[in-house]
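Working notes, structure below.
Because the structure is predicted, anything quoted here is derived from the model rather than measured. Each ligand, and each atom within it, is numbered from 1 in the order the structure gives.
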Amino acid sequence: MTNPPHPDEIELSLFGPGVGECAVVHLGRGQWMVVDSCLDENNIPVAISYLQQMGVDIRAQVKLIIATHWHDDHIRGLGRLCKVATSAQFACSAACSTKEFVTLVAANSRISFQSQSPGLAEFAEILDSLKSRSNKRASPDHWACEGKRLFAHNDELAVEVHAISPSSHTMTDAHLKFARMLPEIGGQICRVPPLTPNSLSVALVVTTPGISFLLGADLEVGSDPNRGWHAVLNSSIRPQQRSSAYKVAHHGSENADTYRIWQQLLTNDRVAVLTPYCKGHKALPSADDINRIKRFTARVYVTAWPAFQKTTQRPGKDGLINRMAQRRRSMHRRPGHIRIRVPVNGSFENHRVSLSDGAKEM
Ligand SMILES: [Zn+2]
(Lines give C-alpha, C1' and ligand atoms only; values in the text may rest on other atoms or scores of the structure.)
Protein backbone atom coordinates (compact mmCIF):
# COMPACT_ATOMS: atom_id res chain seq x y z
CA MET A 1 0.00 0.00 0.00
CA THR A 2 1.27 3.49 -0.80
CA ASN A 3 1.71 5.62 2.32
CA PRO A 4 -0.74 8.50 2.58
CA PRO A 5 0.71 11.99 3.11
CA HIS A 6 1.18 13.32 6.64
CA PRO A 7 -1.95 15.22 7.84
CA ASP A 8 0.08 18.45 7.74
CA GLU A 9 1.41 17.88 4.24
CA ILE A 10 -0.20 18.99 1.01
CA GLU A 11 0.10 16.84 -2.08
CA LEU A 12 -0.43 17.37 -5.77
CA SER A 13 -0.70 14.10 -7.68
CA LEU A 14 -1.13 14.26 -11.44
CA PHE A 15 -2.14 11.22 -13.49
CA GLY A 16 -2.23 10.82 -17.27
CA PRO A 17 -1.99 7.74 -19.50
CA GLY A 18 -1.54 9.59 -22.82
CA VAL A 19 -5.17 10.62 -23.31
CA GLY A 20 -6.73 11.69 -20.02
CA GLU A 21 -5.93 13.79 -16.99
CA CYS A 22 -6.73 13.65 -13.28
CA ALA A 23 -5.29 15.66 -10.38
CA VAL A 24 -5.68 14.36 -6.83
CA VAL A 25 -4.84 16.93 -4.15
CA HIS A 26 -4.39 16.44 -0.41
CA LEU A 27 -5.67 19.59 1.30
CA GLY A 28 -4.37 18.60 4.73
CA ARG A 29 -5.97 16.73 7.69
CA GLY A 30 -6.82 13.74 5.46
CA GLN A 31 -9.13 15.82 3.23
CA TRP A 32 -8.91 15.43 -0.54
CA MET A 33 -9.90 17.16 -3.75
CA VAL A 34 -10.14 15.53 -7.18
CA VAL A 35 -9.92 17.66 -10.32
CA ASP A 36 -11.09 15.92 -13.51
CA SER A 37 -10.86 12.19 -14.10
CA CYS A 38 -9.40 9.51 -16.34
CA LEU A 39 -9.45 5.73 -16.19
CA ASP A 40 -6.65 3.36 -15.22
CA GLU A 41 -5.66 0.22 -17.11
CA ASN A 42 -8.58 -1.67 -15.48
CA ASN A 43 -11.12 0.99 -16.49
CA ILE A 44 -11.44 2.25 -12.92
CA PRO A 45 -11.32 6.02 -12.27
CA VAL A 46 -7.67 6.54 -11.35
CA ALA A 47 -8.52 8.73 -8.33
CA ILE A 48 -10.53 5.84 -6.82
CA SER A 49 -7.66 3.34 -7.34
CA TYR A 50 -5.03 5.69 -5.93
CA LEU A 51 -7.00 6.79 -2.85
CA GLN A 52 -8.03 3.20 -2.07
CA GLN A 53 -4.39 2.07 -2.33
CA MET A 54 -3.56 4.54 0.46
CA GLY A 55 -6.48 3.39 2.60
CA VAL A 56 -8.36 6.70 2.19
CA ASP A 57 -12.09 6.47 2.97
CA ILE A 58 -13.34 8.03 -0.28
CA ARG A 59 -16.90 8.37 0.99
CA ALA A 60 -15.86 10.52 3.95
CA GLN A 61 -12.52 12.08 3.01
CA VAL A 62 -13.01 13.37 -0.54
CA LYS A 63 -14.42 16.84 0.10
CA LEU A 64 -14.40 18.44 -3.34
CA ILE A 65 -14.71 17.19 -6.92
CA ILE A 66 -14.20 19.60 -9.80
CA ALA A 67 -14.97 19.12 -13.49
CA THR A 68 -12.88 21.80 -15.20
CA HIS A 69 -14.77 21.25 -18.51
CA TRP A 70 -16.55 18.39 -20.23
CA HIS A 71 -13.96 17.19 -22.76
CA ASP A 72 -13.70 13.40 -22.84
CA ASP A 73 -10.08 13.34 -21.71
CA HIS A 74 -10.95 15.19 -18.47
CA ILE A 75 -14.25 13.70 -17.41
CA ARG A 76 -14.15 9.91 -17.89
CA GLY A 77 -15.19 8.18 -14.66
CA LEU A 78 -16.17 11.37 -12.84
CA GLY A 79 -19.79 10.14 -12.54
CA ARG A 80 -18.58 6.97 -10.79
CA LEU A 81 -16.39 9.00 -8.44
CA CYS A 82 -19.33 11.28 -7.55
CA LYS A 83 -21.44 8.21 -6.70
CA VAL A 84 -18.80 6.89 -4.26
CA ALA A 85 -17.64 10.20 -2.76
CA THR A 86 -20.96 11.04 -1.18
CA SER A 87 -19.69 13.75 1.16
CA ALA A 88 -17.85 15.65 -1.60
CA GLN A 89 -19.12 18.92 -2.95
CA PHE A 90 -19.20 19.06 -6.75
CA ALA A 91 -18.11 22.15 -8.68
CA CYS A 92 -18.07 22.88 -12.39
CA SER A 93 -17.74 25.88 -14.68
CA ALA A 94 -20.29 28.62 -14.04
CA ALA A 95 -20.40 28.99 -17.82
CA CYS A 96 -22.55 25.83 -17.77
CA SER A 97 -25.11 27.39 -15.43
CA THR A 98 -27.76 27.89 -18.07
CA LYS A 99 -30.96 26.01 -18.59
CA GLU A 100 -29.80 25.57 -22.20
CA PHE A 101 -26.69 23.66 -21.14
CA VAL A 102 -28.67 21.43 -18.79
CA THR A 103 -31.19 20.81 -21.59
CA LEU A 104 -28.31 19.92 -23.89
CA VAL A 105 -27.01 17.37 -21.36
CA ALA A 106 -30.48 15.85 -21.02
CA ALA A 107 -31.04 15.84 -24.79
CA ASN A 108 -27.69 14.10 -25.29
CA SER A 109 -28.81 11.15 -23.16
CA ARG A 110 -31.84 10.66 -25.44
CA ILE A 111 -30.04 10.65 -28.79
CA SER A 112 -28.59 7.59 -30.48
CA PHE A 113 -25.44 6.09 -29.03
CA GLN A 114 -23.29 6.80 -32.11
CA SER A 115 -23.89 10.52 -32.09
CA GLN A 116 -23.64 10.97 -28.32
CA SER A 117 -20.91 13.09 -26.84
CA PRO A 118 -19.25 10.92 -24.14
CA GLY A 119 -18.34 14.07 -22.21
CA LEU A 120 -21.96 15.23 -22.03
CA ALA A 121 -23.09 11.66 -21.18
CA GLU A 122 -20.65 11.63 -18.25
CA PHE A 123 -22.02 15.01 -17.18
CA ALA A 124 -25.54 13.54 -17.18
CA GLU A 125 -24.30 10.73 -14.89
CA ILE A 126 -22.78 13.27 -12.50
CA LEU A 127 -26.03 15.27 -12.35
CA ASP A 128 -27.91 12.02 -11.80
CA SER A 129 -25.77 11.09 -8.81
CA LEU A 130 -26.18 14.60 -7.36
CA LYS A 131 -29.95 14.28 -7.77
CA SER A 132 -30.14 10.97 -5.94
CA ARG A 133 -28.02 12.48 -3.17
CA SER A 134 -30.18 15.48 -2.47
CA ASN A 135 -33.44 13.90 -3.55
CA LYS A 136 -34.25 17.20 -5.16
CA ARG A 137 -33.01 18.90 -8.29
CA ALA A 138 -29.67 17.85 -9.83
CA SER A 139 -27.36 20.77 -9.21
CA PRO A 140 -23.65 21.28 -8.64
CA ASP A 141 -22.81 22.57 -5.16
CA HIS A 142 -20.71 25.36 -6.67
CA TRP A 143 -20.71 27.11 -10.02
CA ALA A 144 -17.01 27.94 -10.31
CA CYS A 145 -15.85 31.26 -11.74
CA GLU A 146 -13.12 33.87 -11.34
CA GLY A 147 -12.39 34.62 -7.68
CA LYS A 148 -14.77 32.07 -6.17
CA ARG A 149 -13.56 30.23 -3.07
CA LEU A 150 -14.42 26.54 -3.38
CA PHE A 151 -12.79 25.11 -0.26
CA ALA A 152 -11.56 26.14 3.17
CA HIS A 153 -11.02 24.07 6.33
CA ASN A 154 -13.38 24.67 9.19
CA ASP A 155 -10.48 25.02 11.62
CA GLU A 156 -7.28 27.08 11.71
CA LEU A 157 -5.52 25.12 8.93
CA ALA A 158 -5.11 27.73 6.21
CA VAL A 159 -5.45 25.73 2.99
CA GLU A 160 -7.89 27.12 0.44
CA VAL A 161 -8.97 26.45 -3.13
CA HIS A 162 -10.10 29.24 -5.44
CA ALA A 163 -11.31 29.20 -9.03
CA ILE A 164 -9.60 31.85 -11.17
CA SER A 165 -11.63 31.30 -14.35
CA PRO A 166 -13.95 31.53 -16.28
CA SER A 167 -14.33 35.30 -16.38
CA SER A 168 -17.71 37.05 -16.42
CA HIS A 169 -17.23 37.93 -20.09
CA THR A 170 -16.66 34.25 -20.90
CA MET A 171 -19.83 33.35 -19.03
CA THR A 172 -21.82 35.85 -21.09
CA ASP A 173 -20.36 34.29 -24.28
CA ALA A 174 -21.32 30.82 -23.08
CA HIS A 175 -24.88 31.78 -22.24
CA LEU A 176 -25.33 33.21 -25.74
CA LYS A 177 -23.69 30.19 -27.33
CA PHE A 178 -25.80 27.61 -25.53
CA ALA A 179 -28.92 29.56 -26.35
CA ARG A 180 -27.88 29.46 -30.01
CA MET A 181 -27.39 25.67 -29.82
CA LEU A 182 -31.04 25.36 -28.87
CA PRO A 183 -32.68 27.82 -31.25
CA GLU A 184 -36.23 27.03 -30.14
CA ILE A 185 -35.30 28.39 -26.72
CA GLY A 186 -32.77 31.02 -27.67
CA GLY A 187 -34.33 32.52 -30.77
CA GLN A 188 -32.32 34.68 -33.16
CA ILE A 189 -28.83 35.70 -32.16
CA CYS A 190 -26.88 37.91 -34.53
CA ARG A 191 -23.33 37.31 -33.41
CA VAL A 192 -22.08 34.26 -31.57
CA PRO A 193 -18.64 34.59 -30.01
CA PRO A 194 -16.19 31.77 -30.78
CA LEU A 195 -16.31 29.34 -27.89
CA THR A 196 -14.91 25.93 -27.07
CA PRO A 197 -15.14 24.01 -23.78
CA ASN A 198 -11.44 24.88 -23.20
CA SER A 199 -12.26 28.57 -22.99
CA LEU A 200 -14.83 27.83 -20.26
CA SER A 201 -12.44 25.71 -18.19
CA VAL A 202 -11.96 26.22 -14.50
CA ALA A 203 -8.35 27.05 -13.63
CA LEU A 204 -7.63 26.78 -9.90
CA VAL A 205 -5.18 27.79 -7.20
CA VAL A 206 -4.58 25.84 -4.02
CA THR A 207 -3.01 28.10 -1.40
CA THR A 208 -1.39 27.78 2.01
CA PRO A 209 0.25 30.79 3.72
CA GLY A 210 3.61 29.96 2.12
CA ILE A 211 2.94 27.69 -0.86
CA SER A 212 0.57 27.70 -3.79
CA PHE A 213 -0.23 25.32 -6.66
CA LEU A 214 -1.67 26.58 -9.96
CA LEU A 215 -3.83 24.11 -11.91
CA GLY A 216 -4.26 25.50 -15.43
CA ALA A 217 -6.99 23.11 -16.72
CA ASP A 218 -7.21 23.46 -20.53
CA LEU A 219 -7.57 27.24 -20.43
CA GLU A 220 -6.18 28.91 -23.56
CA VAL A 221 -4.72 32.39 -23.96
CA GLY A 222 -6.73 33.98 -26.80
CA SER A 223 -6.33 37.65 -27.67
CA ASP A 224 -9.05 39.30 -25.56
CA PRO A 225 -8.06 40.99 -22.28
CA ASN A 226 -11.37 39.91 -20.69
CA ARG A 227 -11.20 36.22 -21.58
CA GLY A 228 -8.86 33.22 -21.21
CA TRP A 229 -5.49 33.66 -19.50
CA HIS A 230 -5.46 37.43 -20.11
CA ALA A 231 -8.56 37.75 -17.91
CA VAL A 232 -6.85 35.70 -15.17
CA LEU A 233 -3.70 37.81 -15.41
CA ASN A 234 -5.67 41.06 -15.35
CA SER A 235 -7.93 39.98 -12.49
CA SER A 236 -7.77 41.85 -9.19
CA ILE A 237 -10.10 39.44 -7.35
CA ARG A 238 -8.07 36.23 -7.70
CA PRO A 239 -5.60 35.26 -4.92
CA GLN A 240 -2.43 37.20 -5.76
CA GLN A 241 0.02 34.69 -4.25
CA ARG A 242 2.48 33.22 -6.78
CA SER A 243 2.54 29.44 -7.23
CA SER A 244 5.52 27.11 -7.06
CA ALA A 245 3.96 24.15 -8.86
CA TYR A 246 2.11 24.64 -12.14
CA LYS A 247 -0.10 22.06 -13.87
CA VAL A 248 0.60 23.42 -17.32
CA ALA A 249 -2.57 24.42 -19.18
CA HIS A 250 -3.87 22.41 -22.14
CA HIS A 251 -1.15 19.74 -22.28
CA GLY A 252 1.59 22.28 -22.95
CA SER A 253 0.15 23.62 -26.21
CA GLU A 254 1.48 26.92 -27.50
CA ASN A 255 -1.96 28.56 -27.57
CA ALA A 256 -2.31 28.02 -23.81
CA ASP A 257 1.00 29.65 -22.93
CA THR A 258 2.19 33.20 -22.48
CA TYR A 259 5.34 34.43 -20.72
CA ARG A 260 3.03 36.48 -18.49
CA ILE A 261 1.81 33.29 -16.74
CA TRP A 262 5.42 32.43 -15.80
CA GLN A 263 6.25 35.99 -14.90
CA GLN A 264 3.16 37.03 -12.94
CA LEU A 265 1.60 33.87 -11.52
CA LEU A 266 4.63 31.73 -10.64
CA THR A 267 7.60 31.92 -8.27
CA ASN A 268 11.19 31.67 -9.48
CA ASP A 269 11.65 28.13 -8.07
CA ARG A 270 8.61 26.79 -9.99
CA VAL A 271 8.09 23.22 -11.09
CA ALA A 272 5.95 22.38 -14.15
CA VAL A 273 3.87 19.20 -14.41
CA LEU A 274 1.72 18.16 -17.34
CA THR A 275 -0.15 15.37 -19.06
CA PRO A 276 0.09 14.61 -22.78
CA TYR A 277 -2.82 14.41 -25.19
CA CYS A 278 -2.13 12.12 -28.11
CA LYS A 279 -5.55 11.96 -29.73
CA GLY A 280 -5.72 14.78 -32.29
CA HIS A 281 -3.78 15.10 -35.54
CA LYS A 282 -0.90 16.51 -33.52
CA ALA A 283 0.13 15.01 -30.17
CA LEU A 284 0.61 17.45 -27.29
CA PRO A 285 3.04 18.47 -26.02
CA SER A 286 5.36 18.48 -29.02
CA ALA A 287 9.14 18.48 -28.58
CA ASP A 288 9.00 22.21 -29.39
CA ASP A 289 6.43 22.74 -26.62
CA ILE A 290 8.73 20.98 -24.13
CA ASN A 291 11.67 23.15 -25.22
CA ARG A 292 9.54 26.29 -24.88
CA ILE A 293 8.42 25.30 -21.34
CA LYS A 294 12.02 24.46 -20.39
CA ARG A 295 13.01 28.02 -21.15
CA PHE A 296 10.79 29.07 -18.23
CA THR A 297 11.68 26.37 -15.70
CA ALA A 298 14.46 23.83 -15.30
CA ARG A 299 12.09 21.24 -13.85
CA VAL A 300 9.43 19.83 -16.18
CA TYR A 301 7.67 16.53 -15.46
CA VAL A 302 5.34 14.70 -17.86
CA THR A 303 3.06 11.80 -16.84
CA ALA A 304 3.74 9.81 -20.03
CA TRP A 305 6.51 10.21 -22.61
CA PRO A 306 6.45 9.54 -25.42
CA ALA A 307 2.70 10.08 -25.33
CA PHE A 308 2.24 7.04 -27.58
CA GLN A 309 3.46 3.64 -26.46
CA LYS A 310 5.99 2.40 -28.95
CA THR A 311 4.45 0.15 -31.58
CA THR A 312 5.90 -1.49 -34.64
CA GLN A 313 4.42 -0.04 -37.81
CA ARG A 314 2.54 -2.79 -39.58
CA PRO A 315 3.46 -3.02 -43.24
CA GLY A 316 0.45 -2.83 -45.53
CA LYS A 317 -1.59 -0.85 -43.00
CA ASP A 318 -2.10 2.82 -43.63
CA GLY A 319 -1.10 5.55 -41.21
CA LEU A 320 -4.63 6.05 -39.88
CA ILE A 321 -4.99 2.43 -38.74
CA ASN A 322 -1.60 2.52 -37.06
CA ARG A 323 -2.49 5.79 -35.34
CA MET A 324 -5.80 4.35 -34.10
CA ALA A 325 -3.99 1.30 -32.69
CA GLN A 326 -1.54 3.59 -30.91
CA ARG A 327 -4.39 5.64 -29.48
CA ARG A 328 -6.12 2.54 -28.08
CA ARG A 329 -2.86 1.44 -26.47
CA SER A 330 -2.29 4.81 -24.87
CA MET A 331 -5.83 4.83 -23.45
CA HIS A 332 -5.50 1.42 -21.82
CA ARG A 333 -2.16 1.76 -20.23
CA ARG A 334 -1.49 2.50 -16.59
CA PRO A 335 -1.54 6.29 -16.13
CA GLY A 336 1.83 7.82 -15.31
CA HIS A 337 1.92 9.51 -11.90
CA ILE A 338 3.76 12.64 -10.73
CA ARG A 339 3.51 13.31 -7.00
CA ILE A 340 4.65 16.43 -5.13
CA ARG A 341 4.44 16.55 -1.34
CA VAL A 342 5.37 19.48 0.88
CA PRO A 343 4.62 20.43 4.53
CA VAL A 344 1.68 22.87 4.73
CA ASN A 345 3.64 25.29 6.91
CA GLY A 346 7.01 24.75 5.24
CA SER A 347 8.48 26.42 2.21
CA PHE A 348 8.51 24.92 -1.27
CA GLU A 349 12.25 24.19 -0.89
CA ASN A 350 11.19 21.22 1.26
CA HIS A 351 9.10 19.58 -1.49
CA ARG A 352 9.64 16.02 -2.66
CA VAL A 353 8.80 14.76 -6.15
CA SER A 354 8.13 11.06 -6.92
CA LEU A 355 7.59 9.69 -10.40
CA SER A 356 5.99 6.33 -11.18
CA ASP A 357 4.38 4.28 -13.95
CA GLY A 358 6.22 5.98 -16.79
CA ALA A 359 6.16 9.61 -15.59
CA LYS A 360 9.39 11.35 -16.56
CA GLU A 361 11.48 14.41 -15.94
CA MET A 362 12.18 16.07 -19.27
ZN1 LIG B 1 -7.38 18.19 -22.27
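- At a cut-off of 3.5 Å, with distance as the only test, a side-chain donor of D218 or H74 sits close to an acceptor on the other residue.
- The shortest distance between side-chain heavy atoms of W143 and S93 does not fall below 4.5 Å.
- Inclusion of H71 in the first shell of the Zn ion (ligand 1) is not supported: no N, O or S atom falls under 2.8 Å.
- With 2.8 Å as the limit, H250 does not count as an N, O or S neighbour of the Zn ion (ligand 1).
- The nearest N, O or S atom of D218 is closer to the Zn ion (ligand 1) than 2.8 Å.
- For the residue pair D257 / W229, no side-chain donor-acceptor distance below 3.5 Å is found, with atom types taken as modelled.
- Minimum-distance N/O/S atom of D73 relative to the Zn ion (ligand 1): OD2.
- Between the side chain of Q61 and the backbone N or O of D57, at least one donor-acceptor pair lies under 3.5 Å.
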